[in-house]
Amino acid sequence: ATAEPVLTVEGLEVSYGRVRAVRGVSFTVQRGGLVTLVGANGAGKSSIINAVSGVVRPSGGRILFDGQDVTKTPAHTLVRRGLVQVPEGRQILASMTIEENLQLGAWHSSGARTDEVYDRFPVLAERRALPAGSLSGGEQQMLAIGRALVAEPTLMLLDEPSMGLAPKVVDDVFRVIEEIRSGGTSVLLVEQNARRALRAADHGYVLSSGEVAQSGPADELLADEGIVAAYLGLE
Ligand code: ATP
């Protein structure tokens, strides 16, 4: 059973009215793996990750998490089972304290893991009583990741965690993601920063107009000049 993927997505369809944003997308995340979905703005990346986390209802296809069909399972149930999303734009509550933001991630558990998050991110511990809005963009991203960690994920989904951050801070965020993966949590990462994401990932899927245009081991995608020129741009 350990060979079974933690996440299997088969023929996923997501539509908004007449817009078919995701068209028959299939992929897997192996247990302990770090998989990235890359592609241009509007390629359907957020729609896929939101369907997996239960935020958006698919119009077709199947999603299996831990071997169980969760296609119609609501987000709050998935969080309890260990499938936790770090949303695009971080979505921290700026006027609440850092501590309160972390406690939100622990609503269904004991909250014991907030201490582990503080150990991992000392800056959050030092400022735990301050409003989250007082943190820098990079620190807010760490808080968003910390809030997901206290929910004890087996699979963490991240939507554009590097968005709007300075290059050095992007490095910090990717280091944290790789540490989380090393700790045994599987990761599904959506990124417009395709090269950076593929360098961190073991497997990649390149999306174009709602479909998987290319997929394979991340290092092979990066080494393919045709793919880089066609889909990954110059960044
Ligand atoms: P981005 O980086 O901009 O988030 P993306 O690759 O994540 O891009 P999606 O956000 O999934 O792509 O969008 C895919 C398509 O679906 C786009 O054409 C987008 O305009 C459309 N779309 C996304 N959300 C909605 C919505 N709530 N209502 C209508 N159309 C939507």
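When a ligand or atom number is given, it counts from 1 through the structure's own listing order.
- For the residue pair Ser46/Glu88, the side-chain donor-acceptor check at 3.5 Å is satisfied.
- In summary, Glu211 and Arg23 do not engage in a salt bridge, as defined by a charged side-chain N under 4.0 Å from a carboxylate O.
- Interface of Lys45 with ligand 1, defined as ligand atoms under 4.0 Å from a residue heavy atom, comprises 2 (O), 5 (P), 6 (O), 7 (O), 8 (O), 11 (O), 12 (O).
- Looking at Gly42 next to ligand 1, an N or O pair under 3.5 Å apart turns up.
- Between Glu179 and Arg120 a salt bridge is recorded (basic side-chain N to carboxylate O distance below 4.0 Å).
- Remark: minimum distance from atom 11 (O) of ligand 1 to any protein heavy atom is reached at Ser47 OG, 2.5 Å.
- Set against the non-hydrogen atoms of Glu160, the atoms of ligand 1 under 4.0 Å away are 2 (O).
- One finds no salt bridge joining Asp171 and Arg175 here, because no Lys/Arg side-chain nitrogen approaches an Asp/Glu carboxylate oxygen to under 4.0 Å.
- Residue, atom and distance of the protein heavy atom nearest to atom 2 (O) of ligand 1 are Gln192 NE2, 3.1 Å.
- Under the 4.0 angstrom criterion for non-hydrogen atoms, Ala40 is in contact with ligand 1.
- Under 3.5 Å, the side chains of Arg81 and Gln68 contain a donor-acceptor pair of N or O atoms.
- From the protein, the heavy atom lying nearest to atom 31 (C) of ligand 1 is Tyr16 CD1, 3.2 Å.
- Regarding atom 3 (O) of ligand 1, its nearest protein heavy-atom neighbour is Asn41 OD1, 2.4 Å.
- Scanning the protein for heavy atoms near atom 7 (O) of ligand 1, the closest one is Ser46 N, 2.6 Å.
- Nearest residue to atom 16 (O) of ligand 1 from Gly17, Ala21, Ala43, Ala51 is Ala21 (criterion: closest heavy atom).
- Residues Asn50 and Gln85 have side chains that bring a donor and an acceptor to within less than 3.5 angstrom of each other.
- For the atom pair Thr73 OG1 and Ile63 CD1, the distance stands at 9.0 Å (nearest 0.5 Å).
- Remark: atom 20 (O) of ligand 1 lies closer than 4.0 Å to no protein heavy atom.
- With salt bridges taken as basic N to acidic carboxylate O contacts below 4.0 Å, none links Asp219 and Arg199.
- Taking any N or O of Gly44, backbone or side chain, at least one lies under 3.5 Å from an N or O belonging to ligand 1.
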